[in-house]
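Here's the structure, in structure tokens; my notes come after.
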Protein chains: 2
Amino acid sequence: MTSPRPADTFPTPEHDHAECIDAALTHAEDTCRRLGLRFTPIRRRVLELIWQNHEPVGAYDLLDQLSRDGRRAMPPTVYRALEFLVAAGLVHRLATLNAFVGCAHPDHAHQGQFLICRNCRRVVEMESPKVGRSLKREAEALGFSIEEQSIELTGLCPDCSSEAH
Amino acid sequence: MTSPRPADTFPTPEHDHAECIDAALTHAEDTCRRLGLRFTPIRRRVLELIWQNHEPVGAYDLLDQLSRDGRRAMPPTVYRALEFLVAAGLVHRLATLNAFVGCAHPDHAHQGQFLICRNCRRVVEMESPKVGRSLKREAEALGFSIEEQSIELTGLCPDCSSEAH
DNA sequence: CGCGCGGTGGTATAATATAACAATCGTCAC
DNA sequence: GTGACGATTGTTATATTATACCACCGCGCG
């Protein structure tokens, strides 16, 4: 068994993705137990589907996949599961894509910065305290107090850059 | 006549907003002339509507207002005008709100950071070279090259903070 | 038991955005 | 002028994303 991929880098093609999924689900179980939240089958399944790869997935894609499971899911079902997972810090919503991606650092509260490859669509969640601090300081200088941040950077990941696009 | 508001701060209630609108329209004319772009009546009117205040406005709000003008506008009309204005750097799209706001620094290429007040909905465009540099540096350290950035910070503006929400 | 509450199922619809094609307008070559 | 061409706008239809609303179920608790 290969080691799990490190957070904050683009996953190699060889990484053991089954382990990513497993780690995400296990962590979700723990988190929910700890917080007294119910990790129901639908919520579990949606999280599992989101983690099928490192690309963001749309709510209606999830819906299709749930339907293929046999259960006839309707939009509210998916959106409720997503709302729960986002609130629990297990999933992030990418505003620029209207899509959802598994949280890479679910073990602590944070609001990261997302690197989104426009070619392969993979996403990495970066956590730069420096950027966070600068933003906070400069916003405060204008009298603004930040409550939520959405930082999404689109470009080319290392693998796609080297292929000359 | 009062002086135009400085960029990068929340506008005071007393600022001469007619001057904001006028400056935006005049600048747009100049820019389009300089770049050989056509600043048609629809584009002009949409920009004017966007600048009616410092709050982001949705495409369908603009549509309603255009209809009240007398012209029977359909969604593509508005979206085309918006697409043009965004491409020309005269308007920004806020992904977290699906809404559009006038560009406060239209005289040079840039990708700023938006401070969005959740209470009064006003938006200010901040330009922090420091944040931009940090992000670029840290993304490059991961081998990622940034092409577009979307940075949207939601919270309370100075005026709304002081009112204790 | 009976009540309340969180979760889910299901219908309908809202809100945002684009595809595709026709009609019109501007400009420039001739 | 006028014909050709590209850019802009008009129009219809539809795609995509998201939510409102109500009914039902299962379960813990008084």
Side-chain angles (χ1 to χ4, degrees), chain A residues 28-29 31-33 35-50 55-88 90-101 121 150 152, chain B residues 28-29 31-33 35-50 55-88 90-101 121 150 152:
Chain A
E29 274 166 20
T31 300
C32 290
R33 188 161 31 237
L35 300 179
L37 303 172
R38 290 174 54 191
F39 195 47
T40 64
I42 293 183
R43 291 169 180 177
R44 181 188 179 86
R45 180 62 176 142
V46 169
L47 184 60
E48 189 182 9
L49 289 171
I50 286 176
E55 301 172 32
V57 54
Y60 280 74
D61 282 351
L62 292 170
L63 198 50
D64 288 347
Q65 298 187 261
L66 283 180
S67 297
R68 264 180 253 125
D69 280 359
R71 59 181 353 131
R72 282 212 333 271
M74 306 305 263
T77 300
V78 172
Y79 279 102
R80 280 187 294 236
L82 289 169
E83 182 184 25
F84 172 87
L85 294 170
V86 170
L90 300 168
V91 162
H92 292 288
R93 179 172 191 276
L94 298 180
T96 55
L97 298 175
N98 294 327
F100 299 83
V101 70
R121 297 188 24 94
S150 158
E152 302 178 21
Chain B
E29 274 166 21
T31 300
C32 290
R33 187 161 32 236
L35 300 179
L37 303 173
R38 289 174 53 191
F39 195 47
T40 64
I42 291 183
R43 293 168 178 176
R44 182 188 179 86
R45 180 63 178 140
V46 168
L47 184 59
E48 190 182 7
L49 289 171
I50 286 176
E55 301 172 31
V57 54
Y60 280 75
D61 281 351
L62 292 169
L63 198 50
D64 288 346
Q65 297 187 260
L66 282 179
S67 296
R68 263 179 255 125
D69 280 0
R71 65 163 83 246
R72 280 213 334 270
M74 305 308 262
T77 301
V78 171
Y79 280 101
R80 281 189 291 234
L82 288 169
E83 183 185 25
F84 172 88
L85 293 170
V86 169
L90 300 169
V91 162
H92 294 289
R93 179 170 190 276
L94 299 180
T96 55
L97 298 175
N98 295 326
F100 300 82
V101 70
R121 297 184 29 91
S150 159
E152 302 178 22

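Convention: sequence-line order gives letters A, B, ...; per-chain numbering from 1.
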- Message: Can you list, in residue-number order, the parts of residues 75-86 of chain A that come under 4.0 Å of DNA chain C, counting heavy atoms only?
- Response: P76(A), T77(A), R80(A)

- Task: Report the distance from atom CG of L37(A) to atom P of dC5(C), rounded to the nearest whole Å.
- Result: 18 Å

- Message: Does atom CD (E29(A)) have a neighbourhood of more than 12 heavy atoms from anything else shown, all under 6.0 Å?
- Response: yes

- Separation of R71(A) atom CZ from dG7(C) atom P, in whole Å? 15 Å

- Hey, does the side chain of N98(A) come within less than 4.0 Å of dA18(D)'s phosphate (OP1/OP2), counting only N and O? yes

- Message: Any heavy-atom pair between the side chains of R38(B) and R43(B) that's under 4.5 Å?
- Response: yes

- Message: Using OP1 and OP2 only, check whether a side-chain N or O of R43(A) sits under 4.0 Å from dG7(C).
- Response: yes

- Message: For a 4.5 angstrom cut-off between non-hydrogen side-chain atoms, does P56(B) reach R121(B)?
- Response: yes

- Task: Send over the distance from Y60(A) OH to dA17(C) P, rounded to a whole Å.
- Result: 15 Å

- Does a nitrogen or oxygen in the side chain of R38(A) sit under 4.0 Å from OP1 or OP2 of dG6(C)? no

- With a 3.5 Å cut-off and no angle check, do the side chains of E152(B) and T96(B) form a donor-acceptor pair? yes

- Please give, in whole Å, the distance from dT19(D) C1' to R93(A) CZ? 13 Å

- Rounded interatomic separation in angstrom, taking CZ from R44(B) and P from dT9(D): 14 Å

- Query: What distance do L90(A) atom CG and I50(A) atom CD1 have between them, rounded to the nearest 0.5 Å?
  - Reply: 9.5 Å

- Give the rounded distance in Å between these two atoms: CE of M74(B) and C1' of dA20(C). 14 Å

- Determine, for F39(A) and R44(A), whether the Lys NZ or Arg CZ falls below 6.0 Å from the six-membered ring centre while staying within 45 degrees of the axis. no

- Heavy-atom closest pair, residues A59(B) and L82(B): CB-CD1, 3.9 Å

- L66(B) atom CG is separated from dT9(D) atom C1', nearest whole Å, by 13 Å

- Task: For L97(B) and dT16(C), give me the distance from atom CG to atom P, rounded to whole Å.
- Result: 10 Å

